[in-house]
Structure formats: structure tokens, C-alpha cells
2 protein chains.
Amino acid sequence: MKRDRSTTVARAGRGSAALDLICCTAVDRRLAVLTTVGPGARGRGLPWTPLDPRGALDVTVLRWTRKLLGRAPSWMTQLGAFSAGGRHPSGAALTVAYLAVVPVGTEAPDGLTWSPATEPPPLPPGRQWILDAAIAGLRDRMDIAPVAFRMLPATFTLSDLQQVYELLLGRRLHKASFRRALQAAFLVEPTDSWRSEGRGRPAQLYRYAPRKRRGVRRSVRFELLG
Amino acid sequence: MKRDRSTTVARAGRGSAALDLICCTAVDRRLAVLTTVGPGARGRGLPWTPLDPRGALDVTVLRWTRKLLGRAPSWMTQLGAFSAGGRHPSGAALTVAYLAVVPVGTEAPDGLTWSPATEPPPLPPGRQWILDAAIAGLRDRMDIAPVAFRMLPATFTLSDLQQVYELLLGRRLHKASFRRALQAAFLVEPTDSWRSEGRGRPAQLYRYAPRKRRGVRRSVRFELLG
DNA sequence: GACATTGGTAGCGACTAGCTACTAATTGGA
DNA sequence: TCCAATTAGTAGCTAGTCGCTACCAATGTC
């Protein structure tokens with residue numbers, strides 16, 4: 001552990017910045033996050049890398065993430081900058097966290113594993129806070145960005161989609177209302193394929209194909225609390 | 001100009017980070033942003049400071065902002081980290097931008113001035129992009145955070161509030177619908193004071209006093225486009 | 001006192017969201 | 001063979017919400 005820390009400090013440096021990745025997907029109908037599972041590490045942590053701030057941030061991060069995962073994430077956004085308070089494994093005082101999403105069924109690369117996101121294994125103190133911010137960020141952005149769709153493969157059933165929405169929102173939704181809203185939004189189009197999963201009627205497969213619809217000029221929402 | 005740059009580089013250092021502040025308010029029913037107006041500068045810019053990443057980021061930023069403005073901002077949030085591409089006046093490669101709001105009528109401190117936010121004076125290339133992100137961030141967050149209320153003094157009329165909403169949303173709202181939605185949200189309470197502004201019937205003054213209301217479990221919103 | 005100006009509300013019609021209840025298509029077992 | 005169980009998908013009712021027009025209220029100006 002101590003050896004690990006000193007070598008990474010040598011790579012990153014105290015004044016430099018690091019990059020934390022919070023990569024989410026759905027596993028067993030639970031929200032899951034990609035964590036390290038080093039055999040010598042005390043607990044689990046988030047994948048990270050020293051950050052060379054020259055060059056465009058988003059491009060740099062996307063390149064590193066693609067290399068780490070073996071594929072590009074299906075969706076990605078910056079979560080924000082966090083002060084590490086000297087606790088980051090890189091030794092960096094400042095970290096920039098990125099939030100990524102991959103489809104269900106994506107395998108964790110070597111040295112990493114999927115951990116339950118809502119009741120995660122013990123993480124270093126600063127990391128837990130970032131993870132909480134990430135989950136809140138997912139929920140905030142899912143109605144302005146296609147987060148749920150990006151957690152699914154290219155074609156999916158409407159029940160699949162509803163399950164992802166319920167998982168992200170943390171509550172059940174009504175089937176008919178969900179589908180009516182989806183229909184009105186012109187976000188998916190049916191394919192010619194059907195999927196039969198053992199019991200029950202086969203479900204039609206859809207793909208994410210958003211159409212430009214006219215701005216509906218909705219009313220002001222006062223959703224704030226305190 | 002050249003002398004300025006070299007001294008700031010000496011303070012901040014190439015590998016370090018800087019902090020950009022985007023401070024907004026309403027001036028003449030237009031969205032305004034606080035910019036520098038140095039007599040020797042080529043154009044205007046955003047206020048910034050070298051960032052010491054030790055210590056909690058939010059606390060550090062709030063302290064500096066309070067000193068700069070002579071008062072604490074009435075609302076503040078982090079906008080994100082940006083790669084400066086060598087163009088930041090501090091010489092830093094990475095900047096963290098914070099978005100702040102102060103009430104209408106707040107005077108610009110020495111060396112700074114309010115500039116129109118939507119059609120701003122020429123800014124350095126990287127800064128313009130940050131400003132655009134800030135305005136988009138304001139609009140995104142105004143229905144989950146009391147941004148509009150924080151742009152007003154402690155007591156205000158409902159017409160004042162509606163004007164700020166229209167300014168932030170960039171479109172007109174209907175008076176009756178706006179007030180009905182506000183009533184239903186239990187966000188304001190009337191005071192005993194009234195304000196008469198020359199012509200017309202005097203308006204009752206309200207204060208921002210959000211009450212906890214039970215979660216109304218609203219439906220899923222599919223507001224995404226592409 | 002008429003008029004202009006601004007504040008504030010009532011109520012109508014169209015649309016929307018949540019719900020119950022139904023039909024449809026498949027598997028598996030009595 | 002046929003019925004129960006299971007999952008997919010839809011119809012239609014009801015209560016609420018949203019945008020709008022129209023109206024009343026209170027002040028200053030001429």
C-alpha cells in the first residue's frame with residue numbers, strides 16, 4: 001500500500017491534477033459502478049489516472065476511458081472538480097471526475113469489477129462523496145440526456161427501458177403512462193424483431209431514434225425545495 | 001499586457017490550476033455578467049485567481065469571492081473544470097469555473113463592471129465558451145435551485161419574480177399561470193408591505209420562504225432531443 | 001372624473017397523467 | 001387438450017394542470 005502510494009505520487013505529483021472515472025451500468029436490476037479490486041489494496045476504489053491538463057480535457061478523458069474499458073462509453077459527461085484533501089491515491093490535490101455509462105452486459109476489464117452503486121463496498125472517504133454526487137448527477141441528467149437509453153444495447157424492449165428508468169429513479173412507474181409519454185416524445189422507433197424470453201408474450205424490439213419535435217414551450221416548473 | 005501575463009504566470013505556474021468566476025445578475029432587465037475592465041487590457045475578461053487546491057474547494061472559492069465582491073454571493077455552484085489550452089491569463093492549463101448570483105442592484109467592485117451576458121463584449125476565445133456554458137447552466141438549474149429568487153432582494157413583488165424568470169428563460173410567461181404554479185409550490189409568503197412605483201396599483205411584497213411539501217411524484221419527462 | 005397603467009383573479013376549454021381494466025400471445029403443466 | 005400463469009400492450013375514465021381571455025382593483029396623470 002505504502003509502496004503503491006509513493007510510486008503514484010512520483011507519477012502524478014502533489015500539485016498536479018488527477019482524473020476519477022465513475023462508470024455506471026445496470027447489473028441484476030441494480031445500479032452498478034466500476035471499482036478497482038486490487039488484491040493488495042485495503043478496499044475498493046474508483047479507477048483514476050494522472051491528468052495532463054494540456055490538450056482538450058474531454059478528448060483526453062475519452063481516449064483514456066476507451067483504453068481502460070476496451071470500448072468507448074456509450075455516454076459521458078463531466079461531473080466536476082473536487083479537492084482531494086491529500087487523500088487521493090495519486091497524491092494530487094485536485095481531481096476532475098467524469099461520469100460514464102456503458103450498456104448492460106459490458107464486462108469489467110481486468111483489475112476492475114462492478115460493485116453495487118447504492119450500497120457500495122467501503123471506499124476511501126473522499127471517493128464515497130464523489131460517488132454520491134455521481135448518482136445524483138445521473139438522476140438529474142436523465143431527463144435532459146439519453147442516459148437510460150445508453151445503458152441499453154442498440155435494440156431493447158420497452159419493458160427493458162422502463163426497468164432502467166425505475167432503477168435510475170428509484171421508484172416504480174406505471175406501464176401505460178410510461179409508454180404514452182414515450183410515444184409522445186418520438187424518441188424510439190420499432191424494429192421488425194421480437195424477443196421471447198421464455199414465459200409470456202414476445203416483446204417488440206425498439207431502437208433509440210429521436211426525432212426533432214417542435215419545442216412544446218412547457219410551463220415553469222417549481223421543483224425546488226429548500 | 002505582456003508584463004501582466006508574466007507576473008501572473010509567476011504567481012500561478014504552468015502546471016497549476018486557476019479559478020474563473022462567472023457572476024451574474026440582472027441589469028436593466030437584461031442578464032449581466034461581471035467582467036474585468038482593466039484600462040490596459042485589450043478586451044474584457046472574467047475575474048480569476050490562481051487556485052491553491054489544498055483545502056476544500058468550495059470553501060476556498062467562497063472566501064475569495066466574498067473578498068472580491070465585498071459580500072457573499074446569494075447563490076453559488078461549481079460549473080466544472082475546463083482545459084485552458086494555454087490561453088488562460090494565469091498561465092494555468094486547467095481552470096475550475098464557478099457560477100455565482102447576486103441580487104439586482106449589487107454594485108460592481110473596483111476594476112470590474114457588469115457586461116451584457118447574452119451579447120457580451122469581445123472576450124478571449126476560451127472565456128466565451130465558459131460564459132456560454134454558464135448561461136446554459138443557469139437555465140438548467142433554475143428549476144431545481146432558487147436561482148431566480150437569489151437574483152432578487154429579500155422582499156420582492158411577484159412581477160419582479162416573473163421578470164427574472166422571463167429574463168432567464170428568454171421568453172414571456174403568462175401572469176396568471178405563473179402565479180398559480182407559484183402558489184401551488186408553496187415557495188413564497190406575503191409580507192405586510194406594499195410597493196407603489198409611480199403608476200398603477202401597488203404590489204404586495206413577498207419573501208422567499210419555501211415550505212416542505214410532500215413529494216408529488218411527477219411523471220417521467222422525456223425532454224431530450226438528440 | 002376619465003384614462004392610462006400596473007396588480008391580481010375567475011373561469012373556460014384543451015390537454016395530460018395516473019389508474020383500472022381489459023385484450024394478446026406465449027409457456028408449462030394438469 | 002385446455003387452462004393457469006406470465007408477460008406485452010391498449011382503451012378509456014377521471015382528476016388535475018396549463019394557457020388563455022376576460023375581468024376587477026387600485027393607483028397616478030391629465
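Basis for what follows: all heavy atoms, side chains included, without hydrogens, waters or symmetry-related copies. Throughout, protein chains are lettered first and strands after them, A, B, ... in sequence-line order, and every chain is numbered starting at 1.
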J.: Can you check nucleotides 23-25 of chain C for protein contacts, nitrogen or oxygen pairs under 3.5 Å, and list what you find?
T.:
{"from": "dA24(C)", "atom 1": "O4'", "to": "R201(A)", "atom 2": "NH1", "distance (Å)": "3.2"}
{"from": "dA24(C)", "atom 1": "N3", "to": "R201(A)", "atom 2": "NH1", "distance (Å)": "3.4"}
{"from": "dA25(C)", "atom 1": "N3", "to": "R201(A)", "atom 2": "N", "distance (Å)": "3.4"}

J.: Nearest whole angstrom, please: distance from the C1' of dG9(D) to the CG of L182(A).
T.: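 Going from L182(A) (CG) to dG9(D) (C1'), I get 13 Å.
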J.: CG of D160(A) versus P of dT7(D): gap in Å, rounded?
T.: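 One finds 13 Å between P of dT7(D) and CG of D160(A), rounded.
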J.: Are any of the side-chain heavy atoms of L168(B) and M151(B) separated by less than 4.5 Å?
T.: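 Yes, at least one pair of side-chain atoms sits under 4.5 Å.
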J.: Could you tell me the separation between the CD atom of Q163(B) and the C1' atom of dG7(C), rounded to a whole number of Å?
T.: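 From Q163(B) CD to dG7(C) C1': 13 Å.
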J.: Tell me: CD of Q204(B) to P of dT27(D), nearest whole Å?
T.: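 Atom-to-atom, Q204(B) to dT27(D), this comes out as 13 Å.
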J.: When we call it a touch if two heavy atoms are under 4.0 Å apart, what does E197(B) touch: a base, just sugar-phosphate, or nothing?
T.: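 Nothing, no heavy atom under 4.0 Å.
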J.: Would you list the pairs meeting ring pair (Phe, Tyr, Trp, His ring centres under 6.0 Å) in which at least one residue belongs to residues 100-146 of chain B, sequence neighbours left out?
T.: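 Non-adjacent pairs meeting ring pair (Phe, Tyr, Trp, His ring centres under 6.0 Å): F82(B)-W129(B).
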J.: Without decimals, in angstroms, what is the distance between L173(A) CG and dC19(C) P?
T.: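 Distance, rounded to whole Å: 10 Å.
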J.: Looking at every strand, decide which applies to S159(A) at a 4.0 Å heavy-atom threshold: base, sugar-phosphate, or nothing.
T.: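 Touches sugar-phosphate only.
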J.: Report the distance from atom CZ of R171(B) to atom C1' of dG19(D), rounded to the nearest whole Å.
T.: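 Rounded to the whole Å, the gap is 12 Å.
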J.: Going by side chain to side chain contact (heavy atoms under 4.5 Å, CB included), name the residues that satisfy it together with R139(A), two or more places apart in sequence or in a different chain.
T.: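 So R139(A) forms a side chain to side chain contact (heavy atoms under 4.5 Å, CB included) with I135(A).
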J.: For S177(B), answer base if it contacts any base atom (sugar-phosphate contacts may also be present), sugar-phosphate if it contacts only those atoms, and nothing otherwise; contact means non-hydrogen atoms under 4.0 Å.
T.: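 Since a base atom lies under 4.0 Å of S177(B), the category is base.
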J.: Does OP1 or OP2 of dG9(D) have a side-chain N or O of R179(A) closer than 4.0 Å?
T.: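 Yes.
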J.: Where the side chain of R180(B) is defined as all heavy atoms beyond and including C-beta, which of dT5(C), dT9(C), dC18(D) is the nearest nucleotide?
T.: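 Minimum distance to the R180(B) side chain belongs to dC18(D).
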J.: Measure the distance from NZ on K175(A) to P on dT20(C) and round it to the nearest whole Å.
T.: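 It is 13 Å, rounded to the nearest whole Å.
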J.: Using heavy-atom distances to pick each residue's nearest nucleotide on DNA chain C, tell me which of A203(B) and G198(A) is more 5'.
T.: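 The residue whose closest nucleotide sits nearer the 5' end is A203(B).
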J.: Filter on side-chain hydrogen bond (donor to acceptor under 3.5 Å, both in side chains), then keep only pairs touching residues 180-191 of chain B, sequence neighbours left out; what's left?
T.: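 side-chain hydrogen bond (donor to acceptor under 3.5 Å, both in side chains) check on residues 180-191 of chain B returns E189(B)-R207(B).
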J.: Once side chain to side chain donor-acceptor pair (under 3.5 Å) is applied, do any residues pair with T25(B), and if so which ones, sequence neighbours excluded?
T.: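 Side chain to side chain donor-acceptor pair (under 3.5 Å) list for T25(B), sorted by chain: empty.
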J.: Would you mind classifying the nucleic acid contact of A176(A) as base, sugar-phosphate or nothing, using non-hydrogen atoms under 4.0 angstrom?
T.: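 Base, at least one base atom sits under 4.0 Å.
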J.: Among all residues two or more places apart in sequence or in another chain, which pass the side chain to side chain contact (heavy atoms under 4.5 Å, CB included) test with P103(B)?
T.: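 Side chain to side chain contact (heavy atoms under 4.5 Å, CB included) list for P103(B), sorted by chain: R71(B), S74(B), T106(B).
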J.: Report the nucleotide, chosen from dT7(D), dG8(C), dG9(D), that has the shortest atom-to-atom distance to any side-chain atom of R199(A).
T.: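 Between dT7(D), dG8(C), dG9(D), the one nearest the side chain of R199(A) would be dT7(D).
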J.: Roughly, in whole Å, what's the span from CZ in F222(B) to P in dA17(C)?
T.: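 Distance, rounded to whole Å: 10 Å.
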J.: Between R44(B) and S115(B), is the side-chain hydrogen bond (donor to acceptor under 3.5 Å, both in side chains) condition met? List the steps.
T.: CA-CA 9 Å; R44(B) 294 181 175 175; S115(B) 299; 3.1 Å; yes
